[in-house]
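This is a predicted model, so every value here is computed, not measured. We name chains A, B, ... by the order of the sequence lines, and we start the count at 1 in each one.
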Amino acid sequence: MVLNTMELQKVSFGYRPGESTLREIQLEITCGSCLALIGANGSGKSTLLMLLNGLLRPTQGTLLYGGRPVDYRQRGLKELRQKVGFVFQNPDHQLVAPTVEQDLAFGPLNLGRTSQETRGQVAQIAEEFGISLLLQQPVSRLSFGQKKLVSLAGVMVMDPDFLVLDEPTLGLDVHHQSLLEGLLRGFQNRGKTIVYSTHDWDFLARTADQVAVLHRGSLVDLADPWRILSDDQRLVEVGLRPYPVGQVSQALGLKTLDQSIILKTLVRSIGESSKGF
Amino acid sequence: MLGPFEDHSLKNQENLSVKAFGLGILWILAMVSQSLVFSLVTVLVLAWFNQRWTQSAKVFAWVLASCLFYSLPGLAVVGIDLVQLVKGGSSDSVFHGHRLAAVSGVFVGTTSCMFTLLLNIPITKIFGTLGRLGIPPLLLELFYLVLRQIQNLVAFSQAVALGQRSRLGDSGLKTRWLGLTLGVPKLLTEAMGLVETTHQALEARSWGGTFRSLEDGEKVYGWSTISGEAALWLSAVGVLTILGIFCRMHSIL
């Protein structure tokens with residue numbers, strides 16, 4: 001049995017009868033990988049992410065977790081949500097308790113951990129996220145970036161194997177973005193899996209192992225970030241903006257999105273071509 | 001053609017209706033302002049004792065909840081008296097005041113107890129206890145969503161008002177009125193959408209119908225709080241009793 005692997009077998013979903021927000025999605029998310037979902041607005045990214053946490057149930061097809069179909073009864077969903085954490089796009093939608101500490105404790109307490117255990121875990125995660133000073137703050141007083149961090153911490157404290165994030169970098173400044181990137185990298189280094197949706201190509205280039213492209217509810221491409229981001233024609237076709245770094249990388253004959261390598265090669269090639277003048 | 005008796009009766013009825021209406025308005029205003037002032041004072045004193053200023057969202061939610069809790073039974077009493085006044089033509093019960101004092105006293109006491117409990121026990125703990133007492137999870141979730149909606153509505157109303165002000169929504173009485181008529185439906189529809197999202201947020205973190213809190217099994221309120229609350233309760237009941245006695249004497253005289 002394959003542990004911690006998520007597989008969507010011809011999964012379709014519609015919010016209303018006869019409507020198809022997602023059409024026959026065939027996708028396997030392997031353990032320890034980082035998958036980015038991209039697509040134009042309304043292409044079904046958030047819907048797909050919600051299916052992974054069991055917040056939505058496929059109208060057709062099967063979702064497998066650890067090689068077994070997801071059990072949509074209460075016990076099965078609790079088990080799934082213990083393993084698959086979901087971070088909402090808007091932190092205001094996710095934060096359900098009045099103070100930061102109470103919100104961070106919400107998930108672990110639901111998993112049946114004792115108050116003492118939970119306090120320890122909350123203190124540890126707060127330390128890791130650099131939000132220890134915010135613990136007694138009401139969530140309504142936090143800045144947007146802080147709310148994003150708290151909502152991520154509230155899921156990470158449950159120690160899931162799978163982390164599903166809807167637009168994690170949306171509205172974050174450079175400082176919070178690099179903080180988030182470091183936290184996600186640390187999470188992945190512990191052998192855990194990350195799935196997120198994004199429109200931030202730089203973030204994607206630095207973090208994702210694989211990119212899935214959704215277009216009008218269908219999965220139209222699944223490849224490594226370089227292949228997706230260097231094909232600007234394809235990006236435009238599915239309603240996305242091209243990525244200049246990918247274009248430059250392709251023009252230089254490189255197969256990387258590492259900006260430092262691209263820059264060095266670019267400088268070198270400019271230097272070489274200027275010798276002729 | 002109507003005789004003198006019918007004329008007199010109609011006139012009497014009309015006077016009584018006007019009187020009832022005026023009294024009703026006055027009593028409603030008195031009840032609401034009394035509950036507001038008392039709720040605010042209680043909340044501030046308790047917050048001071050507990051040093052829980054940071055939990056302003058919860059405090060605010062409970063000020064509103066207590067106002068409703070406190071005002072509605074009071075309004076029911078007014079309603080009973082007004083029915084008596086209109087149907088029976090007797091204004092005795094309205095002017096005696098003892099009923100108002102008694103009922104108000106009871107509700108001051110109940111509200112005070114509610115405050116003592118609510119401001120000292122995390123809301124999740126209250127829900128947890130209610131759950132153990134056999135209250136259905138669906139009902140508890142409903143309570144929880146209502147509380148969340150109060151917070152959401154406050155936040156949204158501020159955002160909507162700000163958005164309207166930024167586009168000159170406060171430039172005159174007409175634009176303000178327009179802003180209100182546009183803003184209220186917007187708030188309500190947003191709130192309905194948010195209920196769904198809040199439910200999803202609860203479920204996404206393995207919520208299974210039981211609210212648990214970090215303070216489960218811990219002593220959560222101290223003597224200072226209880227003394228403060230008792231002092232408030234006694235003074236409020238004292239004032240109301242004196243008022244009741246005064247009204248009673250006035251009606252006897």
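There is no contact between A:Asn90 and chain B, counting heavy-atom distances below 4.5 Å. For a residue to count as touching a neighbouring chain, one of its non-hydrogen atoms must lie under 4.5 Å from one of that chain's; by this rule A:Gln74 touches chain B with the side chain only.
Note: A:Gln89 CD to B:Thr197 OG1 = 11.5 Å, rounded to the nearest 0.5 Å. Between the CG atom in A:Asn110 and the CD atom in B:Glu203 there is a gap of 11.0 Å [rounded to 0.5 Å].
Within 6.0 Å of CD on A:Glu117 lie more than 12 heavy atoms contributed by other residues, nucleotides or ligands. Heavy atoms from other residues, nucleotides or ligands lying under 6.0 Å from CZ of A:Arg16 number 12 at most. No more than 12 heavy atoms of other residues, nucleotides or ligands shown are found within 6.0 angstrom of CD on A:Gln116.
The stretch residues 76-88 of chain A places A:Lys78, A:Arg81, A:Gln82, A:Phe86, A:Phe88 near chain B, each with some heavy atom under 4.5 Å from a heavy atom of that chain.
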Working for side-chain contact (heavy atoms from CB on, under 4.5 Å), residues B:Gln200 and A:His93: CA-CA 9 Å; B:Gln200 284 183 335; A:His93 293 167; over 6 Å; no
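Each of A:Val96, A:Leu111, A:Leu109 was compared with B:Arg205 under the side chain to side chain contact (heavy atoms under 4.5 Å, CB included) criterion, and only A:Val96 meets it.
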